[in-house]
Amino acid sequence: MLLNASGCLDALAASDVARSLDAFVTKTVTPEPRGGNEPVRIAETDHGMLNSIGLQNPGRDRFLDDVLPRLRQLEIQLWVSVGGFAAHEYAETCAELHDVTIELNLSCPNVDEAPESAAEIVAACRDATPLPLYAKLSPALPDIAEAARAVQAAGADGLSLVNTIRGLELDERTLRPRLARAVGGYSGPALKPIALAAVY
């Protein structure tokens with residue numbers, strides 16, 4: 001099954017590309033609108049890219065009222081990436097969704113994380129919805145297999161592996177971080193062995 005990574009494709013602007021996938025994963029939706037982090041938010045590196053977007057999105061209400069209905073018109077299978085800053089925020093969004101698969105973004109490196117564990121968030125969401133739940137985990141976890149077993153026991157139907165991993169790029173002239181937030185999520189070819197190790 002071929003899916004895009006959450007946030008890397010705008011299905012409404014590139015509908016032909018979205019329709020070529022087996023399912024389309026939305027950008028992460030949070031309860032309140034988020035403008036994202038201050039620029040500079042993207043920096044190329046020798047072997048990949050750093051991003052510090054910061055979960056920019058229109059918020060749950062506008063997503064449900066405007067974005068999701070337009071995505072449904074594309075007649076493609078939809079996965080909605082759900083984020084939040086507490087377990088109840090994730091669960092409240094899950095309860096509002098219907099006829100989609102849910103990916104719980106439990107691993108964004110560019111925002112503050114919820115105080116609850118991944119398993120606690122999954123359990124709250126499982127109580128809120130019968131829809132398929134996938135837990136997106138970070139490759140930086142000290143024992144990703146243990147985390148995977150915990151979210152499975154809490155009610156996750158599957159795993160999404162992996163999110164980006166934290167990285168930093170310096171300006172060669174000033175030796176200052178190239179991203180405004182300094183650290184960002186690292187992706188690209190160098191992430192593949194890390195992702196494969198997590199899957200393994």
Side-chain angles (χ1 to χ4, degrees), residues 2-15 17-18 20-21 23-60 62-63 67-68 71 78-85 89-90 93 101-114 118 121 134-142 144 147 159-199:
L2 184 64
L3 299 84
N4 59 296
S6 170
C8 293
L9 174 66
D10 182 347
L12 297 175
S15 57
V17 177
S20 73
L21 302 170
F24 170 72
V25 186
T26 70
K27 188 160 179 57
T28 298
V29 179
T30 55
E32 299 298 325
R34 289 182 57 84
N37 292 330
E38 292 296 317
V40 174
R41 304 196 298 187
I42 295 177
E44 290 188 28
T45 72
D46 289 339
H47 303 288
M49 184 182 83
L50 287 170
N51 89 82
S52 179
I53 305 302
L55 298 183
Q56 178 179 339
N57 76 97
R60 177 172 58 217
R62 186 168 159 215
F63 176 82
V67 178
L68 187 56
L71 288 174
L78 297 175
W79 287 40
V80 176
S81 177
V82 172
F85 301 94
E89 293 186 354
Y90 283 86
T93 300
T101 295
I102 298 171
E103 177 187 78
L104 301 173
N105 186 352
L106 307 173
S107 57
C108 182
N110 298 317
V111 297
D112 296 331
E113 296 180 358
I121 294 170
Y134 281 69
K136 187 174 187 178
L137 301 179
S138 169
L141 289 168
I144 199 164
L159 302 172
S160 180
L161 303 178
V162 294
N163 208 329
T164 54
I165 193 165
R166 284 186 175 92
L168 185 143
E169 176 79 356
L170 298 177
D171 183 292
E172 293 178 356
R173 294 162 298 174
T174 65
L175 298 182
R176 296 183 59 80
R178 292 180 59 196
L179 295 178
R181 192 179 162 94
V183 174
Y186 185 56
S187 61
L191 183 63
K192 185 176 180 180
I194 298 170
L196 289 175
V199 171

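When reading the values below, keep in mind they use all heavy atoms of this one structure, side chains included, and skip hydrogens, waters and symmetry mates.
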(request) Report yes if some heavy atom in the side chain of Val67 is under 4.5 Å from a heavy atom in the side chain of Leu71; otherwise report no. (result) yes
(message) Just verifying a value: how many Å separate Leu78 CG and Leu68 CG, rounded to the nearest 0.5 Å?
(response) 6.5 Å
(request) Please examine the side chains of Phe85 and Glu32, heavy atoms only from C-beta on, and report whether any two atoms are closer than 4.5 Å. (result) no
(request) Mind listing the closest non-hydrogen atom pair of Pro31 and Gly83 along with its distance? (result) CD-O, 3.7 Å
(request) Could you tell me whether the side chain of Arg34 and the main chain of Gly54 form a donor-acceptor pair under 3.5 Å? (result) yes
(message) Evaluate Leu21 against Leu9 for side-chain contact (heavy atoms from CB on, under 4.5 Å), listing each step before the verdict.
(response) CA-CA 11 Å; Leu21 302 170; Leu9 174 66; 3.9 Å; yes
(message) Any donor-acceptor pair under 3.5 Å linking the side-chain atoms of Thr45 with those of Glu169?
(response) no
(request) Compare all side-chain heavy atoms of Ile53 with those of Leu55 and state whether any distance is below 4.5 angstrom. (result) no
(message) Counting C-beta onward and ignoring hydrogens, is there a side-chain heavy-atom pair between Thr101 and Val80 closer than 4.5 Å?
(response) no
(message) Please give me the minimum heavy-atom distance between Pro177 and Leu168, naming the atom from each residue.
(response) CG-CD1, 4.3 Å
(message) Is the shortest side-chain heavy-atom distance between Thr26 and Asn57 below 4.5 Å?
(response) no
(request) With side-chain contact (heavy atoms from CB on, under 4.5 Å) as the test, would you mind laying out the steps for Asn4 and Phe24 before giving the verdict? (result) CA-CA 6 Å; Asn4 59 296; Phe24 170 72; 3.4 Å; yes
(request) For Tyr186 and His47, run side-chain contact (heavy atoms from CB on, under 4.5 Å): C-alpha distance rounded to whole Å, both residues' side-chain angles, the deciding distance at 0.1 Å, then the answer. (result) CA-CA 10 Å; Tyr186 185 56; His47 303 288; 3.5 Å; yes
(message) Taking Leu12's backbone N and O only, do any of them form a donor-acceptor pair with Ser15's side chain (distance below 3.5 Å, no angle check)?
(response) no
(message) In this structure, is the centre-to-centre distance between the rings of Tyr134 and Trp79 below 6.0 Å?
(response) yes
(request) Could you check if a side-chain atom of Leu137 sits within less than 4.5 angstrom of a side-chain atom of Leu106, using non-hydrogen atoms only? (result) yes
(message) Please check this pair: side chain of Arg178 against backbone of Glu44, looking for a donor-acceptor N/O pair closer than 3.5 Å.
(response) yes
(message) Applying the side-chain contact (heavy atoms from CB on, under 4.5 Å) criterion to Asn105, which one of Asn163, Ile121, Val82 satisfies it?
(response) Asn163
(request) Determine the minimum heavy-atom distance between Gly84 and Thr30, stating which atoms define it. (result) N-CG2, 4.3 Å
(request) Indicate the atoms forming the closest heavy-atom contact of Ile165 with Leu191, along with that distance. (result) CG2-CD1, 3.9 Å
(message) Just so I know, are the side chains of Lys136 and Glu103 near enough to count as touching, which here means a heavy-atom distance under 4.5 Å?
(response) yes
(message) So which atom in Ser6 and which in Thr28 form the shortest heavy-atom distance, rounded to 0.1 Å?
(response) OG-N, 3.5 Å
(message) Nearest 0.5 angstrom please: Arg166 CZ to Ser52 OG, how far?
(response) 10.5 Å
(request) Please round to the nearest 0.5 Å and tell me the distance separating atom CG of Leu2 and atom OG of Ser20. (result) 7.0 Å
(request) Establish, from distance only, whether the side-chain atoms of Thr93 and Arg60 form a donor-acceptor pair under 3.5 Å. (result) yes
(request) Give the minimum heavy-atom separation between Pro193 and Ala190, together with the two atoms involved. (result) CD-O, 3.4 Å
(request) Flag the pair Ile194 / Val162 as yes when at least one side-chain heavy-atom distance between them is below 4.5 Å, and no otherwise. (result) no
(request) Start with the C-alpha distance between Ile42 and Leu50, add both sets of side-chain angles, then the distance that settles side-chain contact (heavy atoms from CB on, under 4.5 Å), and finish with yes or no. (result) CA-CA 6 Å; Ile42 295 177; Leu50 287 170; over 6 Å; no
(request) State whether a side-chain donor-acceptor pair under 3.5 Å links Ser107 with Ser138. (result) no
